[in-house]
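Only one structure is covered here, and it is reproduced in the block below.
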Amino acid sequence: MVKFLIQRLATIVPTLFFVSILIFGLQQLLPGDPAMILAGEERDPTVIAHLHQKLHLDEPLPMRYLYWAQGVLKGDLGESVRIQKPVLDLVVEKLPVTLELALLAILIALVVGITAGIVSAVARDTVWDYAANVLALWGLSTPNFWLGIMLILLFSVTLGWLPASGYVSPLVDLRANLAAMIMPAFVLGNAIAAVLMRHTRSAMLQVLGTDYVRTARAKGLEERVVVLKHALRNALTPVITLGALEFGTLLSGAVLTEQVFTIPGFGKLIVDAVFNRDYAVVQGVVLCTATAYITLNLLADLAYFLVNPRLRDSQA
Amino acid sequence: MARIWTRGALPVAALLLTTTLAAAQTLRIGLADDPDVLDPTLARTFVGRIVFAALCDKLFDIDEKLAIVPQLATGYEWSADHKALTIKLRRGVTFQDGEKFDAAAVKFNIERHKNMAGSNRRGELAPVTNVDIIDESTVRLDLAAPFAPLLAQLADRAGMMVSPKAAQAEGDKFGSHPVCSGPFRFVERIAQDRIVLERYPGYWNKGEIHFDRIVYLPIVDATVRLENLKSGQLDFIERVGTSDIAALKSDNRFKISRITEIGYQGITINVGHGDRAQASPLGRDPRVREAFELALDRDAIVQVAMDGEADVGNQWVAPTNAFYAANVPVPKRDVAKAKALLQAAGVPHPAFTLMTATASDAQKIAQVVQSMVKEAGFDVKIQSTEFATSLDMADKGDFEAYVLAWSGRADPDGNIFSFDACKQPLNYAGYCNKAVDDLLNRSRTALDPAERKRIYGEIAAIVLKDRPIVYLFHRHWLWAYTNKLSGLRTVPDGLVRVQGLKMN
């Protein structure tokens with residue numbers, strides 16, 4: 001176990017090193033002098049010169065990387081030139097917002113997707129099945145942006161039930177937080193619900209045709225018990241794996257949803273930073289995301305290790 | 001020349017009482033962008049100036065007719081040689097941290113604007129060589145040469161006064177906790193989410209302030225901003241989408257205000273910036289540029305690209321501006337003459353690339369222009385480029401024509417000097433004409449408005465013939481707000497003045 005952990009940790013260091021070089025290097029491919037954008041409309045040459053000096057833009061690329069890496073090793077991700085705030089503060093401020101949005105979205109996707117998948121499989125070739133399929137197709141083909149605006153029109157403008165945008169921390173007011181997050185979470189979870197529905201349906205259809213399900217029915221068990229207790233449990237394994245995978249893509253999908261509902265999360269932060277050439281923010285945010293992914297992968301590996309005796313034995 | 005103002009200096013007791021008794025009220029304003037750093041010395045964005053209008057008072061302000069009016073100053077006087085400006089300051093003013101506003105504070109602020117590393121105000125105050133404290137409420141600004149645009153500069157960010165104590169304590173982090181002398185003080189900022197200000201009880205003109213809080217919410221998408229207004233989440237939105245105006249007009253819950261901007265929308269032509277200037281017939285030959293302008297129907301461009309929400313124009317200031325050169329009016333479309341000019345230039349079908357940022361307005365303009373000038377024989381290829389990249393290309397001279405807007409300054413100098421004087425930072429066209437340079441410099445030193453207007457007439461006669469920029473129109477600042485809001489002033493700089501603003 002300890003040997004396995006050391007092995008995995010040892011691979012993290014070079015991975016993060018290469019990731020940091022990639023983040024830094026790729027960003028330099030962005031066309032345009034960042035000082036030009038940061039200098040504002042006036043583009044005063046003395047301001048541009050000052051920004052070049054402050055951001056080390058006149059120095060060779062390896063030197064600039066070293067300045068940045070040095071700061072990162074000391075826990076300093078730099079400062080947003082645009083709003084003069086430390087990048088680490090911005091990350092700490094924004095990450096929980098996007099995580100909450102992603103969690104709520106996946107929750108909605110799981111509830112809607114799995115329920116629709118079960119109904120569709122059990123009531124195969126009925127009007128319920130067709131309705132669920134139409135719903136899935138609609139979910140997959142509806143752009144987030146359009147759906148967001150439509151929901152705002154219906155629930156905020158016409159009915160006045162929910163706020164059109166904005167964010168309130170759950171620690172300040174949980175009810176207001178949920179009211180603000182329900183629409184964006186639904187929009188974000190919508191497409192994933194469709195994917196989950198289709199996978200649940202096909203997995204359920206497969207399981208419902210197996211011998212053990214037939215045996216359960218032959219024993220005289222209620223259909224509800226057969227479907228929910230016996231069939232669903234096995235059908236869910238690949239669906240849960242898929243759900244976990246989709247969680248990663250949710251973080252990137254949050255970008256557009258955050259723009260529509262003006263949720264001050266990670267997605268909005270990075271998009272604005274790219275357009276404003278706020279390099280320190282882009283680098284810091286991408287590095288944090290990459291670190292989070294690598295850490296999650298490590299945790300997943302550890303979980304497999306703990307769960308799977310064969311893997312444990314081979315590493316012993 | 002001396003001006004002393006007294007109007008508005010005395011707060012009215014009755015208004016004070018009414019304000020005190022009024023229920024706590026919050027004004028929620030939807031902004032089209034997230035402002036940059038909230039330090040007047042370092043700030044760069046237009047949207048940041050909207051927040052500053054409530055946060056930081058200036059020495060002077062401008063009114064609806066672009067006239068200079070008092071704010072923290074009560075009067076001014078130019079010296080006989082126009083190389084010194086003496087400013088009388090308002091007494092009894094305090095900064096939001098309780099510190100006193102006086103001549104020493106003005107000296108500190110002007111010197112901070114001039115000397116702080118990365119200051120965006122340095123160029124605006126370049127002619128100021130020294131600040132002298134005459135007495136507690138009088139300062140004198142010494143200039144290297146007469147500089148007519150100075151008052152207008154002091155009516156913008158260069159005239160904003162911050163608390164010297166707070167600025168010294170915070171250093172270059174001042175923008176995170178700005179302390180000024182405006183009617184509202186800074187409470188908190190959550191990047192890309194909101195900026196919250198609360199009423200400063202010690203404000204010198206507090207009788208005019210009727211809100212307890214202002215919350216600015218940056219919402220980039222115009223449709224989303226509008227839906228927030230309709231749902232009651234916001235009381236006021238700026239920069240309404242032009243296509244939404246018709247629907248808003250029929251909704252009696254809201255009011256619309258439109259103000260013609262002090263800036264302009266134009267097409268910059270590369271006439272002398274690097275190799276590409278000579279590669280294109282448009283940059284090479286003034287006759288081709290004249291033909292290009294004659295092929296344009298500005299009214300049609302405004303109708304199609306802006307849904308009619310702009311005033312056509314052909315100069316750096318709108319035709320309604322006092323400094324508009326009437327000797328060069330907006331030319332009428334004349335395709336036959338345009339074709340004849342192209343024939344005379346020996347290029348009946350000139351081809352060029354029109355660069356545009358990916359913003360929808362700029363793209364629409366490019367498309368309308370493309371189809372319009374085709375009739376005269378032009379073959380225009382549109383190159384849509386992300387904004388930062390397009391600016392970089394313009395700066396390097398890597399373009400032939402570029403659709404570019406300017407937000408504008410109150411003084412006409414701010415709309416032309418940096419664009420048309422030789423080797424200036426915003427002179428993307430690479431235009432350089434000694435006669436124009438001389439005239440531009442003279443326009444800066446002439447303090448008499450009539451004399452300045454005459455000089456601008458001479459400049460227009462040359463520059464509008466050389467056409468480094470073909471000016472198209474002046475957009476309308478479009479505001480929409482709840483019909484309960486009153487006291488809104490429509491000043492052409494597009495900033496929301498909070499003095500006098502109230503919810504009925």
Side-chain angles (χ1 to χ4, degrees), chain A residues 30-34 36-51 53-54 79-85 89-90 93-94 97 145 148-149 152-153 155-167 258-265 268-269 271-272 274-277 281, chain B residues 28 30 33-39 42-46 48 117-124 172-176 189-194 217-221 223-234 385-396 406-407 414 418 424-426:
Chain A
L30 280 174
D33 179 358
M36 282 274 291
I37 285 293
L38 294 166
E41 228 185 12
E42 287 87 358
R43 286 182 259 294
D44 185 333
T46 54
V47 175
I48 292 177
H50 167 74
L51 286 168
Q53 191 195 7
K54 186 175 177 181
E79 185 189 82
S80 159
V81 183
R82 190 174 145 79
I83 59 164
Q84 284 189 340
K85 196 165 182 177
D89 289 4
L90 286 171
E93 193 177 282
K94 309 288 180 191
V97 179
F145 194 83
I149 300 264
I152 291 175
L153 268 173
F155 291 106
S156 306
V157 178
T158 311
L159 300 171
W161 292 351
L162 296 168
S165 66
Y167 177 77
E258 286 178 5
Q259 290 283 351
V260 176
F261 291 96
T262 328
I263 306 282
K268 201 161 155 47
L269 179 69
V271 169
D272 286 1
V274 168
F275 282 123
N276 289 311
R277 299 292 192 270
V281 177
Chain B
R28 296 155 305 168
D33 289 307
D34 192 26
D36 62 330
V37 61
L38 293 176
D39 181 336
L42 303 174
R44 303 170 281 263
T45 57
F46 164 76
S119 166
N120 268 300
R121 309 284 84 81
R122 186 181 290 125
E124 295 163 11
D172 63 357
K173 301 281 181 288
F174 176 79
S176 305
R189 175 179 194 173
I190 297 171
Q192 298 156 319
D193 183 33
R194 76 188 93 111
L217 297 130
I219 301 176
V220 179
D221 187 84
T223 310
V224 178
R225 214 157 52 240
L226 179 63
E227 297 312 334
N228 272 271
L229 176 75
K230 285 184 176 171
S231 68
Q233 298 285 300
L234 294 173
T385 312
E386 184 253 345
F387 181 62
T389 312
S390 70
L391 266 186
D392 195 51
M393 290 170 73
D395 193 54
K396 289 178 176 142
W406 174 245
S407 71
S418 213
Q424 285 298 304
L426 300 176

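Scope of the values below: all heavy atoms of this structure, side chains included, with no hydrogens, waters or symmetry mates. Just so it is clear: chains get the letters A, B, ... in the order the sequence lines come, proteins before strands, and each one is counted from 1. Because the structure is predicted, anything quoted here is derived from the model rather than measured.
At a 4.5 Å heavy-atom cutoff, the contact between B/D34 and chain A is made by backbone and side-chain atoms alike. When heavy atoms are compared at a cutoff of 4.5 Å, A/F275 approaches chain B by way of both its backbone and its side chain. With a threshold of 4.5 angstrom between heavy atoms, B/Q424 does not approach chain A through any atom at all. With a 4.5 angstrom heavy-atom cutoff, B/R28 does not touch chain A via any of its atoms. Residue A/K268 touches chain B through both its backbone and its side chain, counting heavy-atom pairs closer than 4.5 Å. A/L269 touches chain B through backbone and side chain together, each having a heavy atom under 4.5 Å away. Only the side chain of B/D221 comes within contact range of chain A, with heavy atoms under 4.5 Å apart. Contact of B/L42 with chain A is made through the side chain alone, with heavy-atom distances under 4.5 Å. If you measure heavy-atom distances from B/S119 to chain A, the contacts under 4.5 Å come from the backbone alone. Looking at B/R189, both its backbone and its side chain come within 4.5 Å of chain A, counting heavy atoms on both sides.
Shortest non-hydrogen contact noted between A/R43 and B/P425 is O-CB, 3.3 Å. Shown here for A/Q84 and B/D172, the closest heavy-atom pair between the two residues is OE1-O, 2.8 Å. For the pair A/A164 and B/N228, the tightest heavy-atom approach, listed with the atom from each and the gap, is CB-OD1, 3.4 Å. Taking both residues in full, the closest heavy atoms of A/I83 and B/P35 are given as CG2-O, 3.9 Å, listed atom of the first, atom of the second, then distance. Heavy-atom minimum distance, A/I152 versus B/E227: CG2-CB, 3.5 Å.
Looking only at heavy-atom pairs under 4.5 Å with chain B, the residue among A/N276, A/V47, A/D44 that has the most is A/V47. The choice from A/Q53, A/K94, A/Q259 that makes the most heavy-atom pairs within less than 4.5 Å of chain B is A/K94. Ranked by heavy-atom pairs under 4.5 Å with chain B, the list A/G166, A/G265, A/A39 is led by A/A39. The choice from B/S176, B/G175, B/A43, B/A191 that makes the most heavy-atom pairs within less than 4.5 Å of chain A is B/A191. Of all the listed residues (A/S165, A/P45, A/A49), the one sharing the greatest number of non-hydrogen pairs under 4.5 Å with chain B is A/S165.
Residues A/Y167 and B/I190 form no side-chain contact, since every pair of their non-hydrogen atoms from C-beta on lies 4.5 Å or further apart. Taking the side chain as every heavy atom from C-beta outward, B/T45 and A/R82 approach each other to under 4.5 Å. Between A/E79 and B/K173 the shortest side-chain heavy-atom distance falls below 4.5 Å. Annotation: side chain of A/E258 is not in contact with side chain of B/Q192 (no heavy-atom distance under 4.5 Å).
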| query | Could you go step by step and tell me if A/T262 and B/V224 meet the side chain to side chain contact (heavy atoms under 4.5 Å, CB included) rule? | reply | CA-CA 9 Å; A/T262 328; B/V224 178; 4.3 Å; yes

| Step by step, would you call A/I149 with B/T223 a side chain to side chain contact (heavy atoms under 4.5 Å, CB included)? | CA-CA 8 Å; A/I149 300 264; B/T223 310; 3.9 Å; yes

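The line from CG of B/N120 to CG of A/L38 is 10.5 Å long, rounded to the nearest 0.5 Å.
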